[in-house]
Each structure stands twice: as structure tokens, then as C-alpha cells.
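Only one structure is covered here, and it is reproduced in the block below.
Computed from a prediction, not measured in an experiment: that's the story for all the values here.
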Amino acid sequence: MTAQTVEETLETVFRMESARIIATVARIVRDVGIAEEIAQDALVAALEQWPLTGVPDRPGAWLTAAAKHRAVDLVRRRETYARKLAEVGRTLVEESYDPEPAEPGDIDDDVLRLIFTACHPVLSPEARAALTLRLVGGLRTDEIARAFLVREATVAARITRAKRALAKAGVAFEVPYGADRAARLGSVLEVVYLIFNEGYAATAGDDLLRPGLCEDALRLARVLAALVPQEGEAQGLAALLELQASRTAARTGADGRPVLLADQDRRRWNRLLIRRGYAALERAGDGRSYGPYALQAAIAALHARAASYAETDWATIAALYGRLGVLTPSPVVELNRAVAVSMAEGPAAALPIVDALAAEPDLARYHLLPSVRGDLLARLGRAAEARAEFERAADLTRNESERALLRGRMRESDPG
């Protein structure tokens, strides 16, 4: 294996395992900023050793062990060995540690502890989401910036300030209980949702999907739903992710290119995940009291129940997006409503909605705005204008699979 291949393998492994490594180390050092630095140290050690020794059979375990060794060394340097050994447990020396005493509703999941820690009220909502996407999702600052539709420098500053604020406040690495848990739950749900979205439609790279992120987010959503069964939005998020994940196999073709919802083979949708999604949506409560995640899950459920794209209940979907826009006003929600309106009432009814969004600063570099507008124009027979919109969308996206799809739409719309 060449040095370049080793580096590429290491990059992939670290991207997949970084959340667990950081969470494990944070449990030891009780500081997420230091935990991330130690994880990076382990990465550097692997870059130095693996080209000489080869990639280990269990590369994730190697990185975790290397990081834990560094964490223990740091703990020993900070305080006397005997005092810290009593606190952390003798088994740290053997690359393990004893679990903390169980509490009612406790969760033995270091990654979930990491999320709740990063979502502490001492941080702003924007900082909580950015930090957790960095630590748990393994996203780069530019990817997080795309997810939030803000500048990369803004995200970098948020992450730096967040780590400093957590260290200064001495935030405990734990899953909180009672009122403290309830206060943080909204931010935790948002983070899990954003992590899933990055896996479901990657902002950059060659592949549309990053299945590892989807799987981590779905697992965490299920754990959260079990942790707070009375919380409708926790159930709603679980329902939404189950239903979205059910389409994964049909979202790309054999060549890895995206397949639009209208063209997907619905026989490839995972019926077990759909049933799980329906069940979670039932637990989310009365439809009249749905929150934002439950409303999105209700929309996904309508897609799942439809025999085909054309037979989808688009009028109800448009109405649900209208309700969602009242609860969480967003130009992206309005863009989605426009798509539903175009299917229910025709592209001419939707085009004014989309045109009104052109002035939204948050959508200035959002590739789906010109993509949707191009689709409406193509359906209206305005081929030259549609081609220009698809070209603009292709220039804006940083995902190669999406770019290829949009360039294909450009060719289809070529008036010549």
C-alpha cells in the first residue's frame, strides 16, 4: 500500500471514528477542546507510523488506543498519579475504564454524552450546533458553513469560542437529568437532524451519501426517543429520520449518481424503516399539535404511502409545509412548499413563490434555489432560461454527484 493510499485510508477512518475517539477521550480529560486536540495527536501519530507498519487490522481501535494513552499521560502530568487513578479507575492503564455509576435514565453512550455536553446552555444555539457537528459529525468548518448557509470564518469563530466557553465554565461531561435535560433537548435534536442531513445529502465530495453519518444520527435519534418517550419532537425526529433513511438505497443509481425522488424505484425503499417511522410518528402525538420535526415526518410519511410520485398527496404536503413555515419561518421551507405547490397546482403557480425567494440573502449561494427554478421553467417550456438556472446551480454545488446531475439537466434543456 502506497503512502498516499495509507493517508487516504486514514482520512476515511478518522472521519468515521473521530466522534467516538473524541467522546472517549473527553470522558477521561473532561474537556472537549483538549479531547479534540488529543484525537488530532493520534491522527498525526498514525500518519507517521502507518506508512511504515501498514494499516492495522482495526484502525479505529488503534486510533482510540493511541488517543487514550495520550489522555492518560496528560491526566498523570496534571495531578498525582494516585489521586487521578482513584478517580478514573485502574483499568485506564489497560486501555479501558469502568463505567460511571448508573443513574435513572442514564445512557452508557459516550457520543451522546458528548452531544449533551456540546449543547450546554452556556453556548449560543448556533455555537452548540457548530461545535457538535465538528466533534460528533466530523465535519470540516466549510461543510458546517454550508449546512448553516453562513461564512466559513463565522463557523470557525463559533467553534473556537464554544470550546473556550465550555472549558471556562467547567461543564461536566455527562447526560443531564430533569429540567437541565429538557432545556438542552431542543439543541440536541437539531444537531442530530443536521448530522443526518449532511450524511443524506453531502455538501461536498464525490458521493451524494455519507452513510456513516446517517447511521450515527439515526442511532442517536432512536436513543433519544427512548430516553424521553413523552417528548413529541424526539419521537417526531426519530420518525423523520427512519422515513428519510428508508429511501437511501433508491437515491443513487448503479453508477453512484443521484436519482431524483420522481424517478426512484419505490420497491427499493426499506419497508421496515418505513414501518418504524410510522410507529414513531404515532408516538409523536396528535397531528394538530405536531412540532417541526413531526410535521416533516408527516410529509415524509405521505411520500412513503404514495404508490408513485404523481399519486402523492401534494396538496396536503403543501399545506403541511405552510404549517411548518409558521412554526419555523425559513426560505428553505418556503422553497419546499413551492415544489409541492408546483405539483398540486402546476409550475405557473409555484414560480412566483420561487422568484420571491431570489432576494433572500440566505439563499444567495444555495444551489437548490436555481435548481428548483430551472425545473419549473423547463416544465413551462422556457428551455433557455431553464438551462441557465441549471448551469448556475451546478456552479454553486460542491458535491460532484449533484453537479453531474445538474449538468445533465442542462443538456436536456438545451434549446439547440
### Message
Between Ile274 and Arg271, does the side chain to side chain contact (heavy atoms under 4.5 Å, CB included) criterion hold? Intermediate values first, please.
### Response
CA-CA 5 Å; Ile274 289 173; Arg271 306 313 300 181; 3.3 Å; yes
### Query
Hey, is the main chain of Asp57 close enough, under 3.5 Å, to the side chain of Trp62 for a donor-acceptor pair?
no
### Task
For atom CD of Glu11, decide whether the heavy atoms of other residues, nucleotides or ligands shown that lie under 6.0 angstrom number more than 12.
no
### Message
To the closest 0.5 Å, what do you measure between CD (Glu215) and OG1 (Thr248)?
### Response
9.0 Å
### Residues Asp41 and Arg70 bridged, charged N to O under 4.0 Å
no
## Note on the structure
Rounding to 0.5 Å, atoms CD (Glu233) and CG (Leu224) come to a distance of 12.5 Å
### Query
Do Val192 and Leu241 have side-chain heavy atoms sitting under 4.5 Å apart?
yes
### Query
Below 4.5 Å, heavy atoms only, C-beta onward: do Val32 and Val171 meet side chain to side chain?
no
### Any donor-acceptor pair under 3.5 Å from Thr53 side chain to Gln49 backbone
yes
### Query
Hey, what do you get for CD (Gln244) to CG (Leu273), rounding to the nearest 0.5 Å?
11.5 Å
### Message
We want to know whether Gln296 and Tyr193 form a side-chain donor-acceptor pair, criterion being a heavy-atom distance below 3.5 angstrom.
### Response
yes
### Task
Take Arg20 and Leu114, measure what side chain to side chain contact (heavy atoms under 4.5 Å, CB included) needs, and give me the verdict at the end.
CA-CA 9 Å; Arg20 293 180 179 85; Leu114 180 59; over 6 Å; no
#### Entry: Point-to-point distance, once rounded to the nearest 0.5 Å, from OH of Tyr293 to OG1 of Thr328
9.0 Å
#### Entry: Residue pair Val333 / Tyr321, side-chain heavy-atom distance below 4.5 Å
yes
### Task
Please answer whether the main-chain N or O of Ala393 pairs with a side-chain N or O of Thr397 as donor and acceptor at a distance below 3.5 Å.
no
### Query
Considering residues, nucleotides and ligands other than Asp286, do more than 12 of their heavy atoms fall under 6.0 Å from its CG?
yes
### Query
Is the side chain of Gln235 donor-acceptor paired with the backbone N or O of Ala225 at a distance under 3.5 Å, no angle test?
yes
## Note on the structure
In short, Ala245 meets Phe196 closest at the heavy-atom pair N-CZ, 3.8 Å
Quick one: side chains of residues 123-131, donor-acceptor pairs under 3.5 Å with protein atoms, not counting sequence neighbours, listed by atom name and distance.
unit_1 : atom_1 : unit_2 : atom_2 : d
Ser124 : OG     : Ala127 : N      : 3.1
Arg128 : NE     : His120 : O      : 3.3
Arg128 : NE     : Leu123 : O      : 2.8
Arg128 : NH1    : Ser187 : OG     : 2.7
Arg128 : NH2    : Leu123 : O      : 3.0

### Query
Hey, does Arg407 have a side-chain heavy atom less than 4.5 Å from the side chain of Arg403?
yes
### salt_bridge(Asp375, Arg379) N-O dist < 4.0 Å
yes
## Note on the structure
Closest non-hydrogen atoms of Arg392 and Pro370, given as atom of the first, atom of the second and distance, are NH2-CB, 3.6 Å
### Message
Return the CD to CD1 distance between Gln40 and Ile38, rounded to the nearest 0.5 Å.
### Response
11.5 Å
### Query
Take atom CD in Gln230; do more than 12 heavy atoms of anything else shown fall under 6.0 Å from it?
yes
### Message
For a 4.5 angstrom cut-off between non-hydrogen side-chain atoms, does Glu231 reach Leu189?
### Response
no
### Query
Is the shortest distance from a Lys or Arg side-chain nitrogen in Arg305 or Asp313 to a carboxylate oxygen in the other one below 4.0 Å?
no
### Query
What is the distance from atom CG of Asp31 to atom CZ of Arg164, rounded to the nearest 0.5 Å?
12.5 Å
### Query
What's the shortest heavy-atom distance between Phe173 and Ala23, and which atoms?
CZ-O, 3.4 Å
### Close side-chain approach of Tyr278 and Glu242, heavy atoms under 4.5 Å
no
### Task
Grab the two heavy atoms, one from Ala35 and one from Ala26, that are nearest each other, plus how far apart they are.
CB-N, 3.6 Å
### Ser371 side chain vs Leu368 backbone, donor-acceptor pair below 3.5 Å
no
### Test side chain to side chain contact (heavy atoms under 4.5 Å, CB included) applied to Arg77 and Leu74, step by step
CA-CA 5 Å; Arg77 288 197 301 271; Leu74 177 63; 3.6 Å; yes
### Query
Looking only at heavy atoms, what is the nearest atom pair of Phe390 and Gly374, with distance?
CZ-C, 3.4 Å
### Query
Is Leu320 close to Leu302 at the side-chain level, that is, under 4.5 Å between some pair of heavy atoms?
yes
### Message
Quick one, Glu334 and Glu360 - any side-chain contact, counting heavy atoms below 4.5 Å?
### Response
no
### Query
Between Leu133 and Val191, what is the shortest heavy-atom contact and its length?
CD2-O, 4.3 Å
### Query
Where do Thr64 and Val25 land on the side chain to side chain contact (heavy atoms under 4.5 Å, CB included) test, with the steps shown first?
CA-CA 8 Å; Thr64 301; Val25 174; over 6 Å; no
